[in-house]
Amino acid sequence: MDIYKVRKFGDAVEENRYPGRGIVAGQSCDGTKAVIAYFIMGRSVNSRNRVFVERDGAVFTEPFDVSKLEDPSLIIYAAVRTFENHLIVTNGDQTDTIYDGLAEGKSFYEALESRCFEPDAPNFTPRISAEAVFGGDGTFRYRMSILKSADAEGSACNRFGYDYAPVCGVGHFIHTYEHDGNPLPTFQGEPERIEIPDDIDAFTEEIWNALDEDNKISLYVRYTDIASGESESRLINKNC
């Protein structure tokens, strides 16, 4: 097995109708951009009733039709926030936990010590998180985390962290579920290595088109210039 193999995003999800929520972090092929992407999917009416909204550089999930909102506890949250030189992206309200932890002087991993998987038995959806940290000298690093149940009963939480040195054209992709099912099987193994192109529009289109048409809901992609800190983003909502 080639442990350094890098696949296209579409190849990584081609046999997975329901990866759930997913985060990609990495570096553009030309080495000039730090890249993050986040998508959400849904099977229930409540989960599908959402859109991404970008405000002041932060991204939030919001109900598309407020009258149909049932339980906001696990589906409405800040997905992307920035604290100083840290760009944070997660699949839940642990975005705020990391933000507050960084403000208190904690590290990314230390901030997440107070959290565990989601209380949505029998799925026990894992909490996935990432941060890109910019050095101010034309460098950056990125980290990822997954917090998941240790067993089918949700009796304990296993914590996995990954610290990456950027490689041109390489990203890492982590998602909540191995595939569709009842209950939904939790993601296994390390984040997958995928190709990241220089063109933000090409990457956005690649991700969106690869996700299952019935279950995809929203996608956000941001490319940040490592030297200048300037960024551009793309946002797609199925509900619009």
Side-chain angles (χ1 to χ4, degrees), residues 1-29 31 33-42 52 59 79-80 87-92 94-95 98 108 112 117 125-133 140-148 159-180 184-213 215-224 233-236:
M1 182 178 67
D2 182 2
I3 63 172
Y4 297 111
K5 182 178 180 179
V6 183
R7 297 192 292 173
K8 289 188 174 298
F9 180 87
D11 294 335
V13 299
E14 65 178 349
E15 296 180 359
N16 190 346
R17 184 170 180 268
Y18 198 67
R21 287 164 274 174
I23 297 172
V24 176
Q27 187 174 44
S28 62
C29 193
K33 305 292 193 305
V35 177
I36 64 104
Y38 177 56
F39 66 81
I40 59 174
M41 306 181 80
F52 281 170
V59 178
V80 179
L87 177 61
I88 308 159
V89 54
T90 89
N91 73 328
Q94 73 268 25
T95 305
I98 296 168
F108 172 75
L112 285 167
F117 51 85
T125 299
R127 292 190 187 273
I128 54 174
S129 309
E131 72 161 355
V133 184
F140 90 106
R141 296 184 68 90
Y142 61 99
R143 302 179 178 94
M144 297 183 123
S145 164
I146 182 167
L147 311 178
K148 57 186 182 179
R159 303 170 182 276
F160 301 86
Y162 308 91
D163 200 322
Y164 295 107
V167 175
C168 293
V170 177
H172 288 86
F173 171 39
I174 193 168
H175 45 96
T176 50
Y177 309 123
E178 282 290 283
H179 51 75
D180 204 353
L184 287 158
T186 293
F187 176 86
Q188 299 295 315
E190 294 186 14
E192 303 168 57
R193 289 163 59 91
I194 65 164
E195 296 178 6
I196 297 187
D198 292 331
D199 189 326
I200 186 174
D201 291 311
F203 194 44
T204 301
E205 182 178 355
E206 179 184 355
I207 295 174
W208 187 249
N209 290 342
L211 297 173
D212 181 79
E213 182 63 32
N215 293 319
K216 65 184 178 184
I217 300 172
S218 298
L219 167 66
Y220 179 79
V221 180
R222 182 184 295 188
Y223 275 48
T224 302
S233 61
R234 301 291 185 269
L235 189 155
I236 301 176

Search all heavy atoms of [X] against all heavy atoms of [Y] and return the closest pair with its distance.
| X | Y | answer |
| --- | --- | --- |
| Tyr223 | Asp199 | OH-O, 3.7 Å |
| Val35 | Ser28 | CG2-N, 4.0 Å |
| His179 | Pro185 | O-CD, 3.2 Å |
| Asn91 | Pro126 | ND2-O, 3.0 Å |
| Gln94 | Ile128 | NE2-O, 3.3 Å |
| Val6 | Arg193 | CG2-NH2, 3.5 Å |

Is there a side-chain contact between [X] and [Y] in this structure, where contact means two heavy atoms from C-beta onward sitting under 4.5 Å apart?
| X | Y | result |
| --- | --- | --- |
| Leu219 | Thr204 | yes |
| Leu87 | Val80 | yes |
| Ile236 | Ile207 | no |

Going by side chain to side chain contact (heavy atoms under 4.5 Å, CB included), Ser129 matches just one of Leu147, Thr95, Ile98. Which one? Ile98
Can you list the residues that meet the salt bridge (Lys or Arg N to Asp or Glu O under 4.0 Å) rule with Lys216, with sequence neighbours excluded? Glu213
Non-neighbouring partners of Glu206 that pass salt bridge (Lys or Arg N to Asp or Glu O under 4.0 Å), sequence neighbours left out: none
Under a 3.5 Å threshold, yes or no: a donor from one side chain and an acceptor from the other, between His175 and Glu192? yes
Quick one: [atom1] on [X] to [atom2] on [Y], what's the gap to the nearest 0.5 Å?
| X | Y | atom1 | atom2 | value |
| --- | --- | --- | --- | --- |
| Gln188 | Lys148 | CD | NZ | 4.0 Å |
| Thr186 | Tyr177 | OG1 | OH | 7.5 Å |
| Arg7 | Ile194 | CZ | CD1 | 9.5 Å |
| Leu235 | Ser218 | CG | OG | 7.0 Å |
| Leu112 | Ile146 | CG | CD1 | 12.0 Å |
| Phe108 | Tyr142 | CZ | OH | 12.5 Å |

Has Thr176 got a side-chain atom pairing as donor or acceptor with Arg21's backbone, closer than 3.5 angstrom? yes
Examine distances only and state if a side-chain atom of Asp212 and a backbone atom of Asn16 form a donor-acceptor pair shorter than 3.5 Å. no
Test side chain to side chain contact (heavy atoms under 4.5 Å, CB included) on Tyr18 and Leu184 and set out the steps. CA-CA 9 Å; Tyr18 198 67; Leu184 287 158; 3.6 Å; yes
Tabulate below the donor-acceptor pairs under 3.5 Å that side-chain atoms of residues 160-169 make, not counting sequence neighbours, or state none.
| residue | atom | partner | partner atom | Å |
| --- | --- | --- | --- | --- |
| Asp163 | OD1 | Arg141 | NE | 3.4 |
| Asp163 | OD1 | Arg141 | NH2 | 3.4 |
| Asp163 | OD2 | Arg143 | NE | 3.1 |

Output yes when Lys33 and Asp198 qualify as a salt bridge under the 4.0 Å nitrogen-oxygen rule, no when they do not. no
Between Arg17 and Asn215, does a side chain to side chain contact (heavy atoms under 4.5 Å, CB included) hold up when you go through it step by step? CA-CA 8 Å; Arg17 184 170 180 268; Asn215 293 319; 3.5 Å; yes
Over 12 foreign heavy atoms within 6.0 Å of CD, Glu178: yes
Does Phe203 form a side chain to side chain contact (heavy atoms under 4.5 Å, CB included) with Arg234? I'd like the steps, not just the answer. CA-CA 10 Å; Phe203 194 44; Arg234 301 291 185 269; over 6 Å; no
Where does the angle between the aromatic ring planes of Phe9 and Phe173 fall among parallel (under 30°), tilted (30 to 60°) and perpendicular (over 60°)? tilted
